[in-house]
Amino acid sequence: MVRGTICSVCKAIPFESLPNEEETAIPHRASLRELDAFSKGCELCLMLLLAVGDTCAAIKYKRDGNRDALPGGMASGMLMTFPSGKQVMTTSHPGNYMSGSNMYSPDGPNYNGPMWFDPLELFPGGEADGLRPWLFGNWWKSPDPELPLQLVGLGVRIGRTGKVEDGIGNTDEKVEFHGTQIRIRVRHNSQIRRLIPGRLRTGDTSAATVKALCREWMGSCDVKHNCAPPANAPLPTRVLDVSNVINNQVRLVTSSSVLAKPYVALSHCWGTSHRITTRCNNVAAHTDGIPIAHLPATFQHAVEMTRLLGISYLWIDSLCIIQDDPSDWEREASRMGDVYAHATVVIAADASTDDASGCYTTLDQRKTVTFVSSDNRALGRISYGNAAPLDVTNPPDTGVLNAIGMGNFTILHRPPQNDYLFFSQEWMPSSYDAAKRNTYQIDKMGSPFDPIATENLSTRGWTLQERLLATRTLHLTQGQMYWECCHHMLAEDGGIFPRLFPSWELITQYTAPGGSAETSPSWFKRGARIKHSSLTGWAGEIWLCLVEKYTARKLTNEKDKLPAISGLARRMAERIGDVYHAGLWKRDLLAGLAWRMFAYEPVHWCGDPKHDAEIAARTPPERDTALRPKVWRAPSWSWAAVDGRMEFQTLDADKMVAEVVDCQTTVAGGDGFGMVKEGFIKITGPLFEVVEGVLKTRPGDANHPIFKVPWKVAHASYDLSGGGYFDSGEKRFPCHVLFLDYRVVLLLQKRNDGKWERIGCGTVSAGDGLNMPCASIVMV
C-alpha cells in the first residue's frame with residue numbers, strides 16, 4: 001500500500017465528535033469480515049483490525065487461563081452509571097505503573113509491540129457474522145482550563161450494537177475498558193492542535209524548527225505563567241552581542257556599556273577540547289569581534305537560536321569569563337547562579353559531549369534512538385519503539401508534507417482544512433467517564449519521571465545549579481526537545497510533565513513557614529528517612545537532598561567542587577540566614593557530618609538466604625568509593641573533600657549525643673561560598689577505639705569493602721555490633737568511632753599532631769540509655 005491509502009469510510013470518521021469509550025460508539029464497517037477484507041487496501045482499516053486483535057488476544061488468554069501472557073498492569077475498578085441509567089461495575093487498566101508511583105520495571109520498556117490474535121479465529125464459522133466494529137474516541141481533560149477536551153486516541157470494539165455492554169468480553173453486569181490502541185497526532189502548526197495534544201517530533205532540530213517551537217512555548221509561558229525573570233534584571237559582567245548579522249560575527253561587550261536587556265544563557269558540556277576561550281591575551285580581539293565560523297558548533301547553534309528569538313545578547317561561560325585570570329574567574333563563578341536565574345531563557349545542549357557536538361540533532365541521529373513517547377514511557381505498557389513518524393518538513397510552516405517513520409503509521413489528509421492526522425500504534429488507557437475525566441498530564445496517568453535525568457548534561461556538576469536556578473530552559477536532547485519553566489515541562493511530542501526537578505521557586509515555597517516533607521515535591525522526599533528530618537527542619541533537609549544529587553555528578557576540574565554549587569549556596573544562605581562552612585551549614589553541622597559513600601544493598605533480611613540471593617541477582621548491590629583530589633580541597637569532615645556519590649544518614653534529633661563546640665573555615669579568595677584553604681570542627685561526643693570483627697556478608701550486601709564488624713568497646717561491659725563504610729573502600733583498623741546519636745558514628749583516625757581526620761561513617765546497634773563518656777576532639 002502507498003502511505004496514506006485510506007478508504008472512504010475511514011475518511012468520513014467524525015473525529016471532532018467521536019463518543020468516549022463508555023458512550024455508545026458509532027458504526028464503522030458493516031461486519032468484522034468486511035473490516036478484515038478492507039484492511040488489505042486501507043491502512044487505517046488495518047490498524048483498526050490490529051487493535052481488535054489486541055483485544056481478542058486479551059479475551060482469549062483470559063478464557064484459556066493464560067494470564068501470564070497478558071501485558072500486565074494495574075487494574076482499577078469502579079461503579080459507573082451508564083447512559084441507560086444502569087449502574088455497572090467496570091474495570092480499566094491505567095498502565096503498568098500506578099498513577100503517582102515509581103514502579104519502574106528493571107527491564108525497561110518492552111518494544112515487542114501489542115498482543116495479537118486473529119479475531120476471525122476467535123469467532124469461527126458464522127459467529128463473526130453478527131459482529132461489526134464500532135468506533136469511539138479517547139478524550140482527556142486538558143490541564144489548561146482554556147482548552148477543550150483533548151482527543152488522544154481512536155478506539156474500536158467489536159459488538160452487535162454500539163453499546164459498551166454489548167462489546168465482546170463485556171456483559172450487562174461487568175464491563176472492561178481497554179483504552180485505545182491507535183494514537184492520533186498532528187503537526188505543530190495544525191489547525192486542530194487545540195483539540196489533539198499529540199504531536200509529531202521534528203526530523204531534526206534545525207534553527208527554523210527551534211524558533212517556531214520555542215517562540216510558541218515562551219509566548220504561552222509569558223501569558224499564562226509568572227516564570228520570566230524580572231524585566232530590570234542586570235546583565236552579566238560580559239555578554240556576547242550577536243546582533244551584527246551583516247558581518248556575521250559576535251562581539252564581547254561589558255554590561256556597563258549596555259542597559260538591562262534580555263539575554264540568553266547557554267548550558268553545555270565543556271568536554272576536554274576547549275576550542276575557543278577568552279583569555280588575557282585575546283580579550284581585546286574578542287571585543288573587536290569573533291567570526292561565527294571560528295566558533296565551535298555548539299556556540300554557533302546557540303548564536304543562531306538567540307538571533308531567531310529576537311534577542312541580542314548571549315552568555316557563554318568560556319567566552320564571557322577570562323579563563324586564565326584567577327580573580328576574574330572567581331568573581332564571575334560566584335555570580336553564575338544569578339546569570340542563569342536572570343536569563344530570559346537558557347538553552348541546554350543536553351546531548352552534547354563537548355563544545356563541538358552542537359545543539360541540534362540531525363535526522364540520522366534521531367533515527368538511531370529507539371524512541372518511546374512520553375506518555376508510553378510513563379505508562380510502562382508494551383509499545384513499539386519509534387511508533388510515531390517524524391516530521392521532516394522544513395520549514396515547518398510550509399503546506400508541503402514530508403514524514404517518515406520506522407513504525408506502522410498512516411496519514412489522513414483532510415482537504416477542506418489542508419491538514420493532516422497521523423495515526424500510530426500506541427496504546428493509551430481509558431479516561432473513564434465525563435464525571436471523572438482524567439487530566440492529560442504525566443503524573444495524572446502512569447508514573448512521573450524526569451525525561452532529562454539520563455541526558456549527558458545531567459551528569460555534570462555545574463549544571464545542577466544551572467538547571468535549578470534557571471526560570472525557563474529549552475532542552476535539546478537527541479530524542480526530542482523540551483520546554484521547562486517553573487510551572488511544568490512540555491515535550492515536543494505533546495507530552496505534559498509536572499516539574500519534578502526542583503526550581504528555586506519551589507525551594508522558596510517549601511522553606512517558607514509551614515513548608516514540610518508532607519507538602520514537598522517528590523524530588524526532596526528521602527523515603528523512610530524523612531521521619532527524622534534534619535535538625536534545623538525542612539530547609540536543611542532540602543540542602544542534604546541537593547548535595548546527594550550533586551555528588552552523583554562529575555566535574556572536569558577537581559577544584560570546582562564548591563564553586564560549582566556556590567550560586568545555589570549563596571541563595572540558600574540569603575533564604576535561611578545561616579553561615580556556610582565548606583558545604584555545611586552552621587545550624588545543621590551534625591546532620592551535615594553524617595554522610596557516607598552511596599551504597600545500594602537490596603538485602604531483604606527475611607531469614608531466607610535463597611530469597612535474598614534472588615533479590616540480589618535481580619538488582620545487584622553497588623557502592624561508590626571516595627576519590628581524594630590530588631590537591632587538598634576541603635576538611636576531611638566535609639563531603640566536598642572527596643569525589644563520589646554519597647548519601648546522608650538520618651540522625652534522631654531526640655537522641656543526639658554529640659555537640660559541635662566550634663567550627664571555623666577560611667575561604668581561599670573573595671567568594672565566601674567558593675574554595676576554602678583550611679577549616680576545623682571542635683566537637684564533643686562519645687569516642688571509642690574499635691577493632692575489626694568477624695566479617696559476615698549476605699546476598700545483597702554491596703561488594704567489599706562494605707562489611708559488618710563487631711565493635712570492641714574498651715570502656716563498656718559488652719561489645720557493640722556495628723557496620724563501617726570507609727570512604728576509600730579500604731579497611732583502616734584499628735580506628736576510633738565518634739557517636740553523633742545512639743546509632744550513627746563517624747570513623748576517625750588520630751594524626752601525629754593530635755588532631756583527627758574522618759575516614760568513614762558507620763552505624764552501631766547501641767540502644768537507648770547506654771552510658772557513653774564523652775571526649776572533646778578537633779577534626780580537620
Would you say [Y] and [X] are linked by a side-chain donor-acceptor pair, where the criterion is simply a distance under 3.5 Å?
{"X": "T298", "Y": "H268", "value": "no"}
{"X": "Q300", "Y": "Y360", "value": "no"}
{"X": "S430", "Y": "E21", "value": "yes"}
{"X": "W270", "Y": "D354", "value": "no"}

[X] side chain to [Y] backbone, donor-acceptor under 3.5 Å:
{"X": "Q150", "Y": "I196", "answer": "no"}
{"X": "D391", "Y": "L200", "answer": "no"}
{"X": "N247", "Y": "Q249", "answer": "no"}
{"X": "R251", "Y": "I290", "answer": "no"}
{"X": "S220", "Y": "E216", "answer": "no"}
{"X": "T463", "Y": "L457", "answer": "yes"}
{"X": "R193", "Y": "S190", "answer": "yes"}

Output the distance between atom [atom1] ([X]) and atom [atom2] ([Y]), rounded to the nearest 0.5 Å.
{"X": "E304", "Y": "L309", "atom1": "CD", "atom2": "CG", "value": "11.0 Å"}
{"X": "I321", "Y": "L319", "atom1": "CD1", "atom2": "CG", "value": "10.0 Å"}
{"X": "I246", "Y": "N244", "atom1": "CD1", "atom2": "CG", "value": "6.5 Å"}

- Query: Quick one: side-chain contact (heavy atoms from CB on, under 4.5 Å) partners of T344, sequence neighbours excluded?
  - Reply: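 Counting only residues at least two positions away or on another chain, T344 forms a side-chain contact (heavy atoms from CB on, under 4.5 Å) with M218, P262, I311, R472.
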- Query: Checking side chain to side chain contact (heavy atoms under 4.5 Å, CB included) against S373, which of R185, R199, M428 comes through?
  - Reply: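 Exactly one candidate clears the test, R185.
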- Let me know which of D375, V152, N376, V372 forms a side chain to side chain contact (heavy atoms under 4.5 Å, CB included) with E426.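 With E426 as partner, D375, V152, N376, V372 yield a single side chain to side chain contact (heavy atoms under 4.5 Å, CB included), made by N376.
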- Is R571 salt-bridged to E574, cutoff N-O under 4.0 Å?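 So R571 does not pair with E574 through a salt bridge.
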- side chain to side chain donor-acceptor pair (under 3.5 Å) assessment of W315 paired with D317: CA-CA 6 Å; W315 187 89; D317 51 3; over 6 Å; no
What side-chain donor-acceptor pairs closer than 3.5 Å can you find for residues 482-495, not counting sequence neighbours?
residue, atom, partner, partner atom, Å
Y482, OH, Q480, NE2, 3.1
E484, OE1, R467, NE, 2.9
E484, OE1, H475, NE2, 2.8
E484, OE2, R467, NE, 3.4
E484, OE2, R467, NH2, 2.9
E492, OE1, R366, NH1, 3.3
E492, OE1, R366, NH2, 3.1
E492, OE1, M481, N, 2.8
E492, OE2, T202, N, 2.6
E492, OE2, T202, OG1, 2.5
E492, OE2, R366, NH1, 3.2
D493, OD1, S374, OG, 3.1
D493, OD1, G495, N, 3.1
D493, OD2, S374, N, 3.0
D493, OD2, S374, OG, 3.3

- Message: Test side chain to side chain contact (heavy atoms under 4.5 Å, CB included) on I496 and Y440; report intermediate values, then the result.
- Response: CA-CA 7 Å; I496 304 172; Y440 180 72; 4.1 Å; yes
- Query: What class does the angle between the rings of Y420 and F422 fall in, given that below 30° is parallel, 30 to 60° is tilted and above 60° is perpendicular?
  - Reply: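 Y420 vs F422 ring planes: tilted.
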- Apply side chain to side chain contact (heavy atoms under 4.5 Å, CB included) to W427 and L379, showing your working. CA-CA 9 Å; W427 177 81; L379 294 165; 4.1 Å; yes
- Is the number of heavy atoms from other residues, nucleotides or ligands within 6.0 Å of CG (D222) greater than 12?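 Atom CG in D222 is crowded, with more than 12 foreign heavy atoms closer than 6.0 Å.
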- Sequence neighbours excluded, every pair satisfying salt bridge (charged side-chain N to carboxylate O under 4.0 Å, His left out) that has a member inside residues 136-155: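 Residue pairs with at least one partner in residues 136-155: D144-K224.
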